[in-house]
There are 2 protein chains.
Amino acid sequence: MADKPRRPDLAAMLAPLLRELISAEEPVLAAHDVSMWGYVVLSALDGSPIRTQAALAAAIGADKTRIIRDLDELQERGLIERMADPDDRRARLLAITDTGRAVKNAVQAEIQRGEERWLGELNAEERRTFLRVLGRLASRESG
Amino acid sequence: MADKPRRPDLAAMLAPLLRELISAEEPVLAAHDVSMWGYVVLSALDGSPIRTQAALAAAIGADKTRIIRDLDELQERGLIERMADPDDRRARLLAITDTGRAVKNAVQAEIQRGEERWLGELNAEERRTFLRVLGRLASRESG
DNA sequence: TATTGTTATACTCTATAACTATA
DNA sequence: TATAGTTATAGAGTATAACAATA
């Protein structure tokens with residue numbers, strides 16, 4: 001039977017786009033001396049504090065062992081707080097500081113300004129729909 | 001000044017989505033015994049043959065050294081042809097075979113069926129706009 | 001015995017450098 | 001001398017296993 005013309009796979013379109021977006025972010029992150037994971041951590045904590053490092057790691061899709069260095073660094077620079085939970089001294093209560101929030105906001109503003117290179121090509125309706133759909137797909141439960 | 005509510009960064013939304021899409025692809029690729037890069041190569045060659053391995057690597061955003069194993073394997077299994085260019089015996093003319101195209105189409109059909117887990121949540125207008133915009137952003141020149 | 005955080009180790013993936021054969 | 005393809009090596013990023021402290 002004849003082949004129907006097919007669209008490219010989602011992953012095949014997303015992968016190069018994500019690569020470019022990350023390349024565009026790197027100089028911004030470097031200028032603020034924040035690592036990619038560090039920025040992800042700050043963004044995750046910006047919403048609300050998180051009770052354990054394991055929970056934070058799960059929330060951002062990282063291994064709990066690989067964010068430790070980033071947490072150390074963020075803490076040393078005063079961008080996050082890592083307090084021992086008095087109720088369970090194994091756990092570390094994680095929270096962003098005012099300084100951390102300021103850095104995160106500055107980085108985010110610059111990144112989103114850079115993203116206009118892409119979003120600027122869309123008309124208002126495309127932009128609205130694309131961002132809404134993307135937000136929904138990204139926050140989808142992975143069951 | 002007060003902070004305006006900001007949307008998440010594009011990369012922050014795309015990264016977890018892409019991770020999930022890739023996880024969903026892996027069992028399909030494994031079932032057909034094709035590697036991720038192997039599938040990308042087959043897809044790239046499906047449109048038209050490519051004259052050199054370096055050009056193929058550039059087209060799919062890979063390093064020319066890291067696709068060699070995949071090309072070896074694809075060739076051994078008869079999914080691609082790698083003919084020496086008679087005009088320049090350094091170059092290898094790369095083309096997909098009928099078998100290769102059949103494998104690629106089977107994999108792609110399964111993958112796209114799986115993607116309905118995501119796209120199925122969209123209404124017709126959202127789906128149309130999202131795919132159109134994504135296609136445009138993904139194929140954008142990276143200047 | 002299970003869990004939190006941590007460190008040390010191994011593994012995978014990718015990029016770099018060096019080589020050959022052609023041009 | 002430059003380029004296509006290849007191989008070998010080194011590096012980055014990540015996951016796995018083992019450990020100390022606490023529950």
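Keep in mind that the numbers below use all heavy atoms, side chains included, and drop hydrogens, waters and symmetry copies. Throughout, protein chains are lettered first and strands after them, A, B, ... in sequence-line order, and every chain is numbered starting at 1.
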- Does A:Glu121 pair with B:Arg140 as a salt bridge, N-O distance under 4.0 Å?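 Salt bridge flag = yes for B:Arg140 with A:Glu121.
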Judged by atom type as modelled, is there a donor-acceptor pair below 3.5 Å linking the side chain of [X] to the main-chain atoms of [Y]?
X	Y	answer
A:Thr99	A:Leu79	no
B:Glu116	B:Arg113	no
B:Arg6	A:Gln112	no
B:Glu25	B:Ile111	no

- Item | side-chain hydrogen bond (donor to acceptor under 3.5 Å, both in side chains): pairs with one or both residues in residues 47-59 of chain B, sequence neighbours excluded |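 For residues 47-59 of chain B, and leaving out neighbouring residues, the side-chain hydrogen bond (donor to acceptor under 3.5 Å, both in side chains) pairs sorted by first residue read B:Arg51-B:Asp85, B:Gln53-B:Arg82.
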Rounded distance (Å) that lies between atom [atom2] of [N] and atom [atom1] of [X]:
X	N	atom1	atom2	answer
B:Arg66	D:dT6	CZ	C1'	16 Å
A:Arg92	D:dA21	CZ	P	12 Å
B:Gln75	D:dT6	CD	C1'	14 Å
A:Ile67	D:dA15	CD1	C1'	14 Å
B:Arg82	D:dG5	CZ	C1'	9 Å
B:Asp72	D:dG5	CG	C1'	11 Å
B:Lys64	D:dA2	NZ	C1'	12 Å
B:Arg90	D:dT6	CZ	P	14 Å

- Message: Please determine whether the number of non-hydrogen atoms from other residues, nucleotides or ligands lying under 6.0 Å from atom CG of A:Asp98 exceeds 12.
- Response: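 Counting neighbours around CG of A:Asp98, 12 or fewer heavy atoms of other residues, nucleotides or ligands fall under 6.0 Å, so no.
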- Message: Using heavy-atom distances to pick each residue's nearest nucleotide on DNA chain C, tell me which of A:Ala91 and A:Ile68 is more 5'.
- Response: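 It is A:Ala91 whose nearest nucleotide is closer to the 5' end.
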- Task: Identify whether any heavy atom of B:Arg69 sits under 4.0 Å from a base atom; if not, whether one sits that close to sugar-phosphate; answer base, sugar-phosphate or nothing.
- Result: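 It contacts nothing in the nucleic acid.
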- Message: Any base atoms under 4.0 Å from B:Asp63, or only sugar-phosphate, or nothing? Heavy atoms, all strands.
- Response: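 Result for B:Asp63 = base.
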- Shoot me the first and last contacting nucleotide of DNA chain C against chain A, ordered 5' to 3', at under 4.0 angstrom to non-hydrogen atoms.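 The protein-touched segment is C:dA2 to C:dT7.
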- Nearest-nucleotide comparison on DNA chain D, the residue closer to the 5′ end among B:Gln53 and A:Ala62: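 This one resolves to B:Gln53.
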